[in-house]
Structure formats: C-alpha cells, structure tokens
Amino acid sequence: MTIEQSALANLKNAGLSEITCLPGQQSYEDRVSSYWSLTAQLRPWTIVQPRTTQEVSETLKALVSISGCKFAIRSGGHMAWAGANNIEAGVTIDLGLMTTTTYNPDTKIASLQSGGTWAQVYSELEKYGVMVAGGREGLVGIGGLLLGGGISFHSCRYGFACDQVINYEVVLADGSIVQANKTTNPDLFSVLKGGSNNFGIVTRFDMVAFEATDIWDGNIVLSKTATEEIIEAFVDFEQKLNEAPDDHILAMWTYLPQTKDHFINMVLTNLDGVEDAKSLQKFLAIPGQKNMKTTTMAKKLVDFVVPSGKQDTWLTLTFDLDARIMKKAADVFEVLVEDLKILIPDGKFYISMVLQPLPRSFAKQSRARGGNLLGIEKLQKDCVLLVAAVEVETPEISTKIAYPKLRAAISEIELYAKSVDGDVGFLYLNYCDGSQDPFQTYGEASIRKMREAMAKYDPSGTFQTRVPGGFKISQMGVRN
Ligand SMILES: Cc1cc2nc3c(=O)[nH]c(=O)nc-3n(C[C@H](O)[C@H](O)[C@H](O)COP(=O)(O)OP(=O)(O)OC[C@H]3O[C@@H](n4cnc5c(N)ncnc54)[C@H](O)[C@@H]3O)c2cc1C
C-alpha cells in the first residue's frame, strides 16, 4: 500500500470517514477554495474536519501511526504562502468545523475554538457586552493569529492578543489532550505565545474578556502628496500612544488596478467611541475623504473583509520610529508601483504597504501579562511594523515578477534602515513570507525555551518532520 492508501485506510478504521472528504467531493472543493489566498490552495490527499477535540486526537493518532505520512494544520486559512497551512502529498487537518465561542460571566473568560473567525467571536461576545483582543479583519482565523502573536485594535492596552490567553487546550503528537496554563504545563503555555504549530494542535483558547464599548472608527482616503504630513502625524501619534493608549491606526499605501495612482488609506479607531478624538486630530486635519462613524467591533468586522482569491506575496520588516525610514519606504513603494505597472500586463495587480505602530508600550503590556516569545521587549524603542502585500492573477506573475520585485523593495528599505542605525531585526511571524525566518529574531532565550518544550512535549519531532508547513524551529537559519 502507498502512504496515501494507508492514511485513508487508517482514517476509515478509526471511524473518521464521516469527517473525511476527498478530491472531487463538493465539501473538499469548497474547503480548498476557502483559503484566503490562491497561493495557499493546495490539493491534499484528503481533508479531515474534526468536530471535537477528541476527533482531533483520533485523527492525529491515525496519521502519526503511518510512517512517513505528512499532514498540515489549518484554522482560518489566511496565511498566504503555499504550504503554511496546507499540503500536496499529505492530509490536511482542517479545524473549520470547530467554531464555537462561549463566555463565562463568572470568570469573565471567553473560550474560543480554533476554527472560528474574529467576526464570529466578536458578534458572540458583544451579546454579553464583552470583547477580547483579537484580529482586525472579519474572516481571519483564531488559531493562526493567536499562535503567531496577534496584533489587535487593543494592543496598546493589552499587548499582543496571545498575552490575553490564559489557557490552551492542546492535542499533543501522541494524541493526548492537555491543558497549558500558568500552573499546568507552564513551559508549554509559554511557547504557545508565538511558537505557532511546533508543539501541538490547539483546539481551544481561553482569553480574558473586557467590557465592550462603542468605537469611533473609519478611514480617510488621502492623496500621496500628503505623505510627509502623514508621517509626521504618525510619529507624533505613536510617541503619545505610550502614555494614552486610546486609539489604533493603520497607514496603508495602496494601489488598485482601477486607480491610476496610489493613495494612502488611514484607518483610524478611537477605542472608547470618542468622536473627533484629540489624539487623532493631526490625521483628521489633513484634507481627504473622511468616512468616520460610531460603531462596535463586531459591526466593524462584518464590513471589514479584505478581498481574497488572488496569488499573494507578503513580506514584513520592522524598523525604528524614524520619519526618514518611513519616507524612504514611501519612496520605494512609489517606484515599485511604477515598475509593476510596466511589468504586469493590463496593470492587473493590487499592492499595499501598511505601516503600523509598534511602540514600547506593547512590550510593557505583554510583560505585565507574563510575556510572550516574540522578544520585542529587547527592542526598547518605539518601532514601526511594515507589511507589504502584492496580489496578482497568475502563479507565473507571482513568482517571476511580484515576489522578486517586492523582495528587492523590502531589502532596499532594510538596507536604508541599517544605514541610519534604525533596523531592529524583528520579524512578525504572522506577516512573514515562507522565505523569512521570524524565530531567529525572537532572541536566544525564546529559542532555548522552544527547543526545550519541543524535546519535552514532542520528543519524536512529529511537528517538525511530519507537519512540514509553517515556520519550524528545526528549520531556523535554513530559510532565505
Ligand atoms: C486579510 C488579513 C488580515 C489580517 N489581519 C491581521 C491582524 O489584524 N492582526 C494580526 O496579527 N495578523 C493579521 N493577519 C495575519 C494573520 O494573523 C495570519 O495570517 C494568521 O496565520 C491567520 O490565522 P488563521 O487561523 O487564518 O491561520 P491559518 O492560515 O489557518 O494557519 C496559520 C499557521 O498556523 C498554524 N495553525 C493554525 N491553527 C492552528 C492550531 N489550532 N494549532 C496549531 N497550529 C495551528 C497553521 O499550521 C499555519 O502554519 C491578517 C492576514 C490577512 C490575510
């Protein structure tokens, strides 16, 4: 028997046929096409969709017992690079049926199954008048975001989203189901805060909830001629954010095929629903098309869904909060857009470069909650997190044009940041392409913790060798 035949036979013998779908079946095709990026839409031998933690455990045991059988783990399917959350020659364990969110008013803890979306979570929690710090786009998954850190609207108040997780339910490589928190398996607890899929399959995240409030939220569409004013306002805003953690911003340099030129989309949110908040005044004063309103997180996320179904490349970089580097990034973006207009037939591409604050206070908030693996406290400065994404129509354009051009642009910004002593050497895992190496930037202490936890909780290296997708501790230094 081939490995594929053995895998299917084992799943059947384990009584899992009902949750297993095969190529050609509608359920299989629907799940493949539900990955956010076309780039990630690989075709595994079969997709298994457990409904319970017990079924995750049985699936894992059935697959691990076949020598050489590889598999992938998927929650929301939003990581854009091929193989992060899916596999060609193997089985995909898809948590997309495990979407329940519950709230316990006595403990003020929300329990989130891994396969849900943030839009679902927020809608459910607002019924109880509470909220958690999670994703900022409606359809992003719970599992991937929380295991990679998680930047939320509330990061200025609570650090990374993973800092608000107080307990994980995890299925380990041998199929055992364990809890990981401050007192039970604390070493596993600490490495799940940024360690991605290297230790087990997390089925449930228990998170601290807080009171839900109205937010004052929306965007301003600005001309690229406002670049310097926006950068000045951004620097001022981020410095003040350390002391007054009341707002959230994203500065998105954007080019769409239907626009002749790129523009800047400033997304602004006051977390307490204060209209015309003083802290956002510098942005609001720049002439542009304003669309601001009072709403709630749940309502915002229903509308806030980034279109999918393209070939995507994402790359990330972090540097000092320094107007010169931000201006350089804007200049490099402008040249990149002009190059791509020439190189890509019919100008059919979408590109954005998002700058977001990563102030010192995020690390302080994380530390106050026990800390995470990301190692940002070593930065000791206010920083800017850049993520750039290009979307194109075909894999050829993606690999031959979009990827090398974006890569070169990011390298140019990085080189400039180094030249002004502003490169901080941190890569945020959830924004990384598969060619980037986020774990190496976490620092020695985090790397040591991950290696120790791996040896203890997955001594046979199942999540290194049998789950090849995603960022692997054992592959650190091999990427690039
Ligand atoms: C449109 C869009 C908006 C985004 N917005 C944000 C944002 O606001 N903040 C932010 O921080 N990031 C954001 N991201 C990045 C996002 O956090 C990552 O893409 C994240 O991986 C998505 O989570 P997911 O559940 O969809 O992951 P998937 O793509 O399903 O998985 C990502 C990785 O995590 C692993 N994994 C997933 N679930 C589990 C599990 N239960 N147990 C073990 N391993 C698991 C997978 O194997 C894979 O390697 C955004 C991405 C997109 C495309």
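Read the numbers this way: they start at 1 and go in the same order the structure lists the ligands and their atoms.
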> Who pairs with Lys381 by salt bridge (Lys or Arg N to Asp or Glu O under 4.0 Å), at least two apart in sequence or on another chain?
Replying inline: Asp320
>> Which of the numbered atoms in ligand 1 are under 4.0 angstrom from any heavy atom belonging to Ala84?
In response: 46 (C), 47 (O), 48 (C), 49 (O)
> Taking side chain as C-beta onward, heavy atoms only, is Tyr168 less than 4.5 Å from Cys162?
Replying inline: yes
> Considering only the protein, which heavy-atom contact is closest to atom 3 (C) of ligand 1, and what is its distance?
Replying inline: Val140 CG2, 3.4 Å
> Can you find an N/O atom of Ile73 closer than 3.5 Å to an N/O atom of ligand 1?
Replying inline: yes
> Which residue supplies the protein heavy atom nearest to atom 29 (O) of ligand 1, what is that atom called, and how far is it?
Replying inline: Asn85 ND2, 2.7 Å
> Any idea which part of Asn197 is under 4.0 Å from ligand 1, heavy-atom wise: side chain, backbone, both or neither?
Replying inline: both
> For Leu95 and ligand 1, does the shortest N/O to N/O distance drop below 3.5 Å?
Replying inline: no
> Just wondering, more than 12 heavy atoms not from Glu211 lying within 6.0 Å of its CD?
Replying inline: no
> Which bit of Ser75 is near ligand 1, meaning a heavy atom under 4.0 Å away: side chain, backbone, both or neither?
Replying inline: both
>> Please classify the Trp314 to ligand 1 contact at 4.0 Å (heavy-atom distances, strictly less than): side chain, backbone, both or neither.
In response: side chain
> What is the closest protein heavy atom to atom 11 (O) of ligand 1, and at what distance does it sit?
Replying inline: Tyr428 OH, 2.5 Å
> Relative to each other, are the rings of Phe439 and Phe471 parallel, tilted or perpendicular (30° and 60° limits)?
Replying inline: perpendicular
>> Counting only heavy atoms not in Lys299 (residues, nucleotides, ligands), do more than 12 fall under 6.0 Å from its NZ?
In response: no
> Which atoms of ligand 1 sit under 4.0 Å from any heavy atom of Leu147?
Replying inline: 39 (C), 40 (C), 42 (N), 43 (C), 44 (N), 45 (C)
> Nearest 0.5 Å, what's the OG1-CD distance between Thr296 and Glu126?
Replying inline: 3.5 Å
> Are Phe237 and Phe234 close enough that their ring centers fall under 6.0 Å?
Replying inline: no
> Is there a side-chain contact between Phe199 and Ile473, using heavy atoms and a 4.5 Å cut-off?
Replying inline: yes
>> Here's a test for you: under side chain to side chain contact (heavy atoms under 4.5 Å, CB included), which of Leu271, Leu125, Val121 qualifies with Met297?
In response: Leu271
> Does the side chain of Leu256 come within less than 4.5 Å of Phe263's, by heavy atoms?
Replying inline: yes
>> Check contact between Tyr431 and ligand 1, using heavy atoms of the residue and a distance below 4.0 angstrom.
In response: yes
> Applying a 4.0 Å heavy-atom criterion (strictly less than), which segment of Leu139 is in contact with ligand 1: side chain, backbone, both, or neither?
Replying inline: neither
> Which atoms of ligand 1 have any heavy atom of Arg74 under 4.0 Å away?
Replying inline: 30 (O)
> Do ligand 1 and Trp36 have nitrogen or oxygen atoms that lie under 3.5 Å from each other?
Replying inline: no
>> Applying a heavy-atom cut-off of 4.0 Å, say which part of Phe471 lies close to ligand 1: side chain, backbone, both or neither.
In response: neither
>> Tell me whether Thr203 has any N or O atom under 3.5 angstrom from an N or O of ligand 1.
In response: no
>> Suppose we measure from atom 33 (C) of ligand 1 to each protein heavy atom; which comes out shortest, and what is that distance?
In response: Met79 SD, 3.9 Å
> Which ligand 1 atoms does Ile151 reach within 4.0 Å, using its non-hydrogen atoms?
Replying inline: 7 (C), 8 (O), 9 (N), 10 (C), 11 (O)
> Against heavy atoms of Gly76, which atoms of ligand 1 measure under 4.0 Å?
Replying inline: 24 (P), 25 (O), 26 (O), 30 (O)
>> What I want to find out is whether Glu393 reaches Lys310 closely enough, with some N-O distance under 4.0 Å, to be called a salt bridge.
In response: yes
>> Looking at Asp163 and Arg367, is there a salt bridge between them, counting it only when a charged N and a carboxylate O are closer than 4.0 Å?
In response: no
>> Check this for me: does any side-chain nitrogen of one of Glu238 and Arg360 sit under 4.0 Å from a carboxylate oxygen of the other?
In response: no
> Which residue holds the protein heavy atom closest to atom 26 (O) of ligand 1, what is that atom called, and what is the gap in Å?
Replying inline: His78 N, 3.0 Å
> For Leu429 and Met79, what are the C-alpha separation, side-chain angles and deciding distance, and is it a side chain to side chain contact (heavy atoms under 4.5 Å, CB included)?
Replying inline: CA-CA 10 Å; Leu429 183 146; Met79 201 166 259; 3.9 Å; yes
> Does Lys300 have any salt bridge (Lys or Arg N to Asp or Glu O under 4.0 Å) partners at least two apart in sequence or in another chain, and if so, which?
Replying inline: Asp217
>> For atom 10 (C) of ligand 1, what's the nearest protein heavy-atom neighbour? Residue, atom name and distance, please.
In response: Leu145 CD1, 3.4 Å
> For ligand 1, which atoms have a heavy atom of Gly150 less than 4.0 angstrom away?
Replying inline: 11 (O)
>> Only heavy atoms of Gly470, strictly under 4.0 Å: list the atoms of ligand 1 that pass.
In response: 49 (O)
> With a 6.0 Å cut-off on ring centres, are Trp118 and Phe304 close enough?
Replying inline: no
>> Tell me whether Gly144 has any N or O atom under 3.5 angstrom from an N or O of ligand 1.
In response: yes
> For atom 28 (P) of ligand 1, which candidate among Ser37, Gly149, Gly77 provides the closest heavy atom?
Replying inline: Gly77
> For atom 18 (C) of ligand 1, which of Asn430, Val306, Leu385, Asp312 has the closest heavy atom?
Replying inline: Asn430
>> Quick test: of every protein heavy atom, which one is nearest to atom 8 (O) of ligand 1, and how far off is it to 0.1 Å?
In response: Arg136 NE, 2.7 Å
> Taking atom CD1 of Ile47 and atom CD1 of Ile19, what is their separation to the nearest 0.5 Å?
Replying inline: 12.5 Å
> Heavy atom of Gly200 under 4.0 Å from ligand 1?
Replying inline: yes
>> Using a plain distance cutoff, I'd like to know if Val202 has any nitrogen or oxygen under 3.5 Å from a nitrogen or oxygen of ligand 1.
In response: yes
>> I need the contact type for Val467 against ligand 1. Using non-hydrogen atoms and a strict under-4.0 Å cut-off, is it side chain, backbone, both or neither?
In response: neither
